[in-house]
Amino acid sequence: MPVEKRKIVFFDGVCHLCMGSVQFLLKHNKTESLSFSAIGSKTFLELIPEPARNSLPDSILYWKEGKLYQESDAILSITKELTFPWRLGVLFWLVPRSLRNFLYRLIAKHRYQWFGKAETCMVPTPELKQRFLD
């Protein structure tokens with residue numbers, strides 16, 4: 001499948017919260033429909049036009065078949081790919097986007113302070129390597 005048609009979670013490769021989220025997604029995306037790539041990776045640079053990159057958050061982004069989701073929309077769109085009960089996260093679409101994004105930005109702003117920052121990017125096991133694009 002061409003990379004632009006895939007479902008890709010772009011993540012901050014040194015953020016403990018983001019890396020923990022990737023590990024959670026690997027465990028609860030039983031259909032293996034999600035692929036993963038770090039923000040700033042070759043895949044990221046190929047798919048996201050340069051002018052758009054400057055205005056994007058640097059935490060979690062979701063590329064789904066040619067469309068880029070960010071902030072709480074990214075998180076809620078990703079939950080559609082998870083197993084029950086995590087799939088019920090889609091119910092948060094009922095919460096106004098302004099409130100969802102306020103909470104998202106608050107956590108994203110303080111993620112290094114609250115969860116820490118790694119010196120290196122996560123290295124996937126050989127079994128999981130196929131789910132990572134670069």
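Note that the numbering runs from 1 along the sequence shown for the chain. On a predicted model such as this, the values are computed, not experimentally measured, just so you know.
Residues E81 and S33 come closest through the heavy atom pair OE1-OG, 2.6 Å. Considering all non-hydrogen atoms of both residues, T79 and W86 come closest at CB-O, 3.8 Å. Scanning both residues, Q70 and S55, for their nearest heavy atoms gives OE1-O, 4.4 Å. Here the closest heavy-atom approach between residue I39 and residue S59 is recorded as CD1-O, 3.4 Å.
The side chain to side chain contact (heavy atoms under 4.5 Å, CB included) test with Y104 singles out one residue from I60, L99, D73, L76, and that residue is I60.
A 4.5 Å side-chain heavy-atom check between L45 and R53 finds at least one atom pair inside the cut-off. S72 places none of its side-chain heavy atoms less than 4.5 Å from the side chain of W93. Looking at heavy atoms from C-beta onward, L26 lies in side-chain contact with F36 at the 4.5 angstrom threshold. Within the 4.5 Å cutoff, no side-chain heavy atoms of L103 are placed close to those of V95. Using a 4.5 Å heavy-atom threshold, the side chains of K64 and I78 count as separate.
Distance check, rounded to the nearest 0.5 Å: OH of Y69 to NZ of K7 gives 10.0 Å. In this structure, OG on S35 lies 9.5 Å from CZ on F10, to the nearest 0.5 angstrom. With values rounded to the nearest 0.5 angstrom, L34 atom CG is found 4.0 Å from N29 atom CG. For the atom pair R87 CZ and K80 NZ, the distance stands at 10.0 Å (nearest 0.5 Å). From F44, atom CZ reaches atom CG of L56 across 5.5 Å, with rounding to the nearest 0.5 Å. How far CG of D12 is from OH of Y112: 3.5 Å, rounded to the nearest 0.5 Å.
The neighbour count for F24 CZ, taken as heavy atoms of other residues, nucleotides or ligands under 6.0 Å away, is above 12. By the neighbour-count criterion of 12 heavy atoms within 6.0 Å, atom CD of E65 is densely surrounded, having more than that number from other residues, nucleotides or ligands.
Other members of the cluster containing I107 are L17, L106, W114, F115, with ILVMFWY side chains joined at under 4.5 Å, either directly or via other members.
A salt bridge does not link R100 to E71: none of the charged side-chain nitrogens sits closer than 4.0 Å to a carboxylate oxygen.
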